[in-house]
Amino acid sequence: IPVIDLQLAAAAPEEAARLRDAAQRLGCFRVAGHGVPRVLQDDMKAAVRALFDLPDDAKRRNADVISGSGYVAPSATNPLYEAFGLYDAASPADVDAFCASLHAPPHIRETIRRYAEKTHGLIVDVAAKLAAGLGLEEPEADRMFQDWPCQFRINRYNYTPDTVGETGVQVHTDSGFLTVLQEDDRVGGLEVADLDTGEFAPVDPVPGTFLVNLGDVATAWSNGALHNVRHRVQCVAAVPRVSIALFLLAPKDDVVRAPDAFVGAGSHRLFRT
Ligand code: AKG
């Protein structure tokens, strides 16, 4: 998985080309030079670990805002998996409401608020760089994703010695535009499918970086140029694992439609609106 330095990509055409190539060929890449302080990444992981220690009835106060956006309890189909959800992480009021619903103490609220702000800036920046890489003019590319809703999904996998080798999350593509993922530095298990062979390859965590996955909306919006990567999570050790995913979803009050610039002369849109 290539590591793209976002600061370099802003200034050096070769790094911007590496980003575009990874998005088109693999549908995923790591980012460094992203501007989210390492200490904030660590504080956020500590904060979410504390939230998962809450009793069951407290966790369930993280209610749905849109269908499926709230707390997901372990279930018969996914007994190892639970998650908190926050819709819309781009909205400071929604971030506050999420923290209030869990009665989070002030230092945890402050961490979640700062992390949401910083990672929202990051996800919009990556989306704008992808758009610019495909040929959209800078002012349009920079502006267009600012208002798209973002969803946090904060995952915990309750692994035990008996579950090693089992599946934590089934094979899927993400349904939104792109995902910025902070993995657990202590334990891996994420795997991505190779486009050519279909075989799954492990993605080892690299502390301090984020993994970016492109989703279904990216493929439709780019008229097939961006690859929505298939991935899954396997249990590789008897260690509880947390990960924090921020999804840039889709335009709020609009349909997803490939810009004219992406539909070449004599060509057509591959996806209907
Ligand atoms: C997802 O949230 O879509 C995931 O695939 C989670 C990945 C992970 O936990 O590493």
Side-chain angles (χ1 to χ4, degrees), residues 1 3 26-31 36 41-42 44-45 47-49 51-52 62 64 66-75 77-89 98 115-116 119-120 122-123 126-127 149-159 163-194 200-219 226-250:
I1 307 272
V3 181
L26 305 173
C28 65
F29 48 92
R30 284 195 181 281
V31 289
V36 182
Q41 290 181 270
D42 292 344
M44 181 66 177
K45 263 184 293 214
V48 304
R49 285 204 169 92
L51 294 180
F52 279 118
N62 171 209
D64 282 2
I66 57 170
S67 174
S69 74
Y71 177 67
V72 176
S75 65
T77 41
N78 253 344
L80 307 180
Y81 173 81
E82 63 180 317
F84 290 111
L86 194 180
Y87 178 92
D88 169 6
F98 169 79
Y115 187 85
T119 50
H120 178 244
L122 167 60
I123 211 165
V126 173
C150 280
Q151 185 171 358
F152 263 130
R153 187 141 288 288
I154 300 167
N155 307 304
R156 185 168 76 172
Y157 304 85
N158 299 307
Y159 296 148
T163 65
V164 175
E166 290 183 14
T167 297
V169 168
Q170 285 80 2
V171 179
H172 66 285
T173 56
D174 292 342
S175 58
F177 185 87
L178 69 86
T179 308
V180 162
L181 182 76
Q182 189 186 175
E183 303 140 277
D184 196 319
D185 299 343
R186 301 179 199 169
V187 55
L190 179 61
E191 298 182 347
V192 297
D194 183 285
F200 281 90
V203 178
D204 292 329
V206 178
T209 66
F210 291 91
L211 186 74
V212 173
N213 287 331
L214 301 192
D216 302 340
V217 168
T219 301
L226 298 174
H227 175 60
N228 51 345
V229 62
R230 293 166 70 232
H231 54 286
R232 68 181 181 191
V233 180
Q234 294 293 101
C235 172
V236 294
V239 179
R241 176 177 185 272
V242 295
S243 66
I244 305 164
L246 181 65
F247 302 100
L248 182 65
L249 296 176

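Counting starts at 1 for both ligands and their atoms, following the listed order.
In this structure, the separation between CG on Leu51 and OH on Tyr71 is 11.5 Å, given to the nearest 0.5 Å.
At least one heavy atom of Val233 sits under 4.0 Å from some atom of ligand 1. Ligand 1 lies nowhere less than 4.0 angstrom from a heavy atom belonging to Arg232.
Within the 4.5 Å cutoff, the side chain of Val72 has heavy atoms near those of the Arg153 side chain. Put simply, the side chain of Leu246 does not reach to within 4.5 Å of the side chain of Leu122, judged on heavy atoms.
Considering backbone and side-chain N/O of Glu183, none are found under 3.5 Å from N/O of ligand 1.
The proximity of Phe247 to ligand 1, defined as any non-hydrogen pair under 4.0 Å, is limited to the side chain. Residue contacts with ligand 1 for Asp174 involve side-chain atoms from C-beta outward but no N, CA, C or O (heavy atoms, distance under 4.0 Å). With a 4.0 Å heavy-atom cut-off, ligand 1 is reached by no atom of Val169. Contacts with ligand 1 closer than 4.0 Å are made by no heavy atom of Arg153, backbone or side chain.
In terms of protein heavy atoms, atom 10 (O) of ligand 1 is closest to Arg241 NH2, 2.8 Å. Atom 1 (C) of ligand 1 has His172 NE2, 3.8 Å as its closest protein atom, hydrogens excluded (heavy atom only).
Distances below 4.0 Å separate heavy atoms of Asn155 from the following atoms of ligand 1: 2 (O), 6 (C), 9 (O). Listed by number with element, the atoms of ligand 1 under 4.0 Å from a non-hydrogen atom of Tyr157 are 6 (C), 7 (C), 8 (C), 9 (O). Of all atoms in ligand 1, listed by their number and element, those nearer than 4.0 Å to a heavy atom of His231 are 3 (O), 5 (O).
Under the side-chain contact (heavy atoms from CB on, under 4.5 Å) test applied with Asn213, the options Thr173, Leu26, Val203, Asp174 reduce to a single match, Asp174.
In this structure, Thr219 contributes its side chain and Leu226 its backbone to a donor-acceptor pair below 3.5 Å. The backbone N or O of Val242 sits less than 3.5 Å from a side-chain atom of Asp184, completing a donor-acceptor pair. No donor-acceptor pair under 3.5 Å is formed between the side chain of Arg186 and the backbone N or O of Arg241.
Using cut-offs of 30° and 60° for the angle between ring planes, the Tyr115 and Phe210 rings count as tilted.
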